[in-house]
Amino acid sequence: MSNVTFHPFAPQGTVAAPPSKSDVHRAIICAALSGGVSTVSPVALSEDITATIRCVEALGAVTAMEDGRLTVDGSGMFLQKTAVLDCHESGSTLRFLIPVAAAGGVDATFTGTGRLPARPIGIYTDALPEKGVTCVTEGGLPLRVSGRLQSGVYAVPGNVSSQFITGLLFALPLLDGDSDIILISPIQSAGYINMTIRTMSKFGIEIDMTDRGWHIRGKQHYIPTDYTTDGDWSQAAFFLTAAAVGGEVTVNGCNIDSSQGDRRIAALLREFGAEVQQDGGIVTVRKAPLSGIEIDASQIPDLVPVLAVCACFAKGVTTIGNAARLRIKESDRLQTTAALVNALGGRAEELPDGLEITGAGKLRGAAVQGCNDHRIVMAAAVCAAGCEGEIVCSDAWSVNKSYPAFYEDYAKIGGAAETEAP
């Protein structure tokens, strides 16, 4: 359990947004399903992305990485009918590939580490057996699926995780018949589903939206392509928020037309009162007096920890709601975000589905728990932009899950992070 020490600083500088982890996951899977050779770039080999690469390799794809460009040869997909897919801690990898493996008729065993074995997969274990797939589990991972997925109507809730819908969207075009996904509750994180459909379209797959969900034609074929990934708004949010709290930062590579829901960070920081300028893919944020706001997090759950940090420096109360799903992430992020804020002298109260933060105007140094959660550790780094003393945070290298270059990029805006060896 290596610690990292963050020193108080005034953010100043320019940094490039890393490749979108969400976009890269999707592109790798589409490339693997294309039956030929595709490239995906730029790619950063975070732990989650590495998990997806290893899992598509277990299903028969061949990959090679050079200078941030990933080559994927999908000509061997599904030729072997048994596979073990170790998803490590990546919920995206797990939920995207369960129906994909089933569509290929693979007898697949899914494993994982950390909190992943306990994260929900019940939508699949309820729905897939009705469509020709046997699911063997004691309630989580390991999960074994066997049989071949059948087309038809899939009635699924939209308020658990959009990852289940994305997994079905990947798989259903491969089947012989047409299928429909019908939502039985309102959709959350709709931007991620839009991203999936957009990425699939680049690989030649058409998805039709309906009044109640999506219609997916069968017998479609993924087409090999050279795919360029978006910059990651979720990760850019940490640097932009640090600027709102204590300085001025420019982030390059933020596609304003991205389907990423987390592009809302620019609008939310402006609503808090920060100065925000956008020019194409360049976003600049400057510190200004901040005031508390109300935030509906249903479409932007990954932003909650860093938005809570911003709220600490805003006059008045900020309420974050519709975020109950954060309790089943790498940590219970409502609990761990509140604990981070309160340990540093802020005032955060857990709500059943969110947080209420009363602005303290400043934070103090302290020892805090990273909770083996990359977004909690990066949120702690942002706190240093408005902190009076140093912050010592555990689980320093959990950032490798999504952003292995975080500390390097943090230094580009003046952040001082002293890390212990992993």
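The first residue in the sequence is number 1, and the count goes up from there.
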side-chain hydrogen bond (donor to acceptor under 3.5 Å, both in side chains) between R26 and T196: does it pass, once the steps are laid out? CA-CA 6 Å; R26 288 159 171 79; T196 301; 2.8 Å; yes
Steps toward side chain to side chain contact (heavy atoms under 4.5 Å, CB included) verdict (I205, Y222): CA-CA 6 Å; I205 300 296; Y222 287 82; 3.6 Å; yes
Is the side chain of [X] donor-acceptor paired with the backbone N or O of [Y] at a distance under 3.5 Å, no angle test?
X    : Y    : value
D395 : N372 : yes
D232 : Q235 : yes
K202 : T228 : no
R212 : I181 : no
W233 : A266 : no
D230 : S258 : no
Q260 : G231 : yes
R119 : I328 : yes
N342 : A348 : yes
E418 : T5   : no

Within a strict 4.5 Å, meaning less than it, do heavy atoms of the [X] and [Y] side chains meet?
X    : Y    : answer
F203 : S38  : yes
F272 : F313 : no
T134 : V145 : no
L168 : V156 : yes
V43  : M65  : yes
T250 : V283 : no
L149 : V100 : no
H88  : E47  : no

Between the side chains of [Y] and [X], is the shortest nitrogen-to-carboxylate-oxygen separation below 4.0 Å, so that they form an ion pair?
X    : Y    : answer
K219 : D176 : no
R115 : E89  : no
R54  : E57  : yes
K412 : D409 : yes
R217 : E206 : yes
D302 : R333 : yes
D373 : K329 : no

R270 atom CZ, over 12 foreign heavy atoms within 6.0 Å: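 Yes, CZ of R270 has more than 12 neighbouring heavy atoms, counting only those of other groups under 6.0 Å.
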If you count heavy atoms of other groups shown closer than 6.0 angstrom to CD of E420, is the number above 12? yes
Please determine, by modelled atom types, if [X] and [Y] share a side-chain donor-acceptor pair under 3.5 angstrom.
X    : Y    : value
S259 : N194 : no
S151 : S179 : no
D107 : T82  : no
S20  : T229 : no

In Å, rounded to the nearest 0.5 Å, how long is the span from [atom1] of [X] to [atom2] of [Y]?
X    : Y    : atom1 : atom2 : value
D226 : T39  : CG    : OG1   : 3.0 Å
Q163 : S22  : CD    : OG    : 8.5 Å
C135 : I98  : SG    : CD1   : 7.5 Å
R148 : L174 : CZ    : CG    : 10.0 Å
T419 : N3   : OG1   : CG    : 10.5 Å
L116 : L141 : CG    : CG    : 5.0 Å

Checking side-chain contact (heavy atoms from CB on, under 4.5 Å) between L326 and each of V304, L355, D332, which is the one that passes?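 Of V304, L355, D332, side-chain contact (heavy atoms from CB on, under 4.5 Å) with L326 is met by V304 alone.
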Report the residue from T50, L70, N400 that forms a side-chain contact (heavy atoms from CB on, under 4.5 Å) with L45.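 Going through T50, L70, N400 one by one, the side-chain contact (heavy atoms from CB on, under 4.5 Å) with L45 is satisfied by T50 alone.
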Check against side-chain hydrogen bond (donor to acceptor under 3.5 Å, both in side chains), H374 and S402: CA-CA 7 Å; H374 52 131; S402 65; 2.7 Å; yes
Anything under 30° is parallel, anything over 60° is perpendicular, the rest tilted; go ahead and classify F6 against Y407.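 Geometry flag for Y407 against F6: tilted rings.
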CA sep, side-chain torsions, deciding dist, call: L172, D180, side chain to side chain contact (heavy atoms under 4.5 Å, CB included): CA-CA 9 Å; L172 296 178; D180 287 280; over 6 Å; no
Of the non-hydrogen atoms in [X] and [Y], which two are nearest, and what is the gap between them?
X    : Y    : value
S394 : Q369 : OG-OE1, 3.3 Å
P19  : V24  : CB-CG2, 4.2 Å
L351 : R327 : O-NH2, 3.0 Å
T93  : D48  : OG1-O, 3.7 Å
G68  : S41  : O-CB, 3.7 Å
A155 : I184 : CB-CG2, 3.9 Å

Mark yes or no: K21 above the aromatic ring of Y403, with NZ or CZ under 6.0 Å from the six-membered ring centre and no more than 45 degrees from the axis. no
Carefully, step by step, assess H215 and T210 under the rule side-chain hydrogen bond (donor to acceptor under 3.5 Å, both in side chains). CA-CA 7 Å; H215 177 74; T210 66; over 6 Å; no
Measure from the ring center of Y410 to the ring center of F239 and say whether it is less than 6.0 Å. no
Step by step, work out the side chain to side chain contact (heavy atoms under 4.5 Å, CB included) result for I357 and R347. CA-CA 6 Å; I357 302 101; R347 296 170 58 191; 6.0 Å; no
Candidate pair R263 and I256, rule side chain to side chain contact (heavy atoms under 4.5 Å, CB included), full reasoning: CA-CA 7 Å; R263 70 182 186 279; I256 197 170; 5.9 Å; no
With ring-ring contact (aromatic ring centres under 6.0 Å, His included) as the test, pick out the partner of F164 among Y154, F96, Y124.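 Passing option: Y124.
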